[in-house]
Amino acid sequence: MKKVITYGTFDLLHWGHINLLKRAKEHGDYLIVGLSTDEFNDKKNKQAYHTFENRKMILESIRYVDQVIPENTWEQKENDVLKYNIDIFVMGDDWKGKFDFLKDYCEVVYLPRTIGISTSKIKKDLLH
Ligand code: C2G
């Protein structure tokens, strides 16, 4: 069984997120999402609209997602890859190169971001 992992906040879930999760799942048979906790979002200077619990419940309802684990730190990725026997680490290419250190542990794949949608765009567009 080929296991894939990806990480993110996935706030105000949109089709760009789904495109990412769909493609990530296509790289294997089992997809784990490391979901940023509210505390970790503070470290990313991100203010999520939905709480961790609600973002987790939403992600667990997606057909491409097999398991959701909390993302509490930047440093947990190596441990997660070992702990969950991960074969492939996948992220959008806005992170290209940032996680190449994981190549010692698993395959690292950066997928093209979906153009034209983002959580910050949704928030901005709703202001007017
Ligand atoms: N994404 C995408 N296309 C978009 C928007 C997002 O492909 N239009 C991807 C991002 O590249 C990321 C994932 O969807 O791989 C989740 O996006 P965010 O919730 O914004 O994740 P981020 O805040 O970048 O957190 O340790 C890694 C971080 O937790 C990543």
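As the structure is a computational prediction, the values presented were derived from the model and not from experiment. Counting convention: from 1, in listed order, for ligands and their atoms alike. Numbers here simply count residues along the sequence, with the first being 1.
Checking each of Asp80, Val90, Ile32 against Tyr7 for a side-chain contact (heavy atoms from CB on, under 4.5 Å) leaves exactly one that passes, namely Asp80.
Under 4.0 Å is where a charged nitrogen must lie from a carboxylate oxygen, and between Asp66 and Lys25 at least one such pair does. Under a 4.0 Å N-O distance rule, the pair Glu26/Lys22 qualifies as a salt bridge.
Every residue meeting the ring pair (Phe, Tyr, Trp, His ring centres under 6.0 Å) condition with Phe99, not counting sequence neighbours, appears here in chain and number order: Phe89, Trp95.
A cation-pi contact, defined as under 6.0 Å to the ring centre and within 45° of the axis, is absent between Lys96 and Tyr110.
Contact shell of ligand 1 (protein heavy atoms, cutoff 4.0 Å): Tyr7, Gly8, Thr9, Phe10, His14, Gly16, His17, Leu20, Ser36, Lys44, Lys46, Glu71, Trp74, Lys77, Met91, Gly92, Asp94, Trp95, Arg113, Thr114, Ile117.
Taking the side chain as every heavy atom from C-beta outward, Phe10 and Val33 approach each other to under 4.5 Å.
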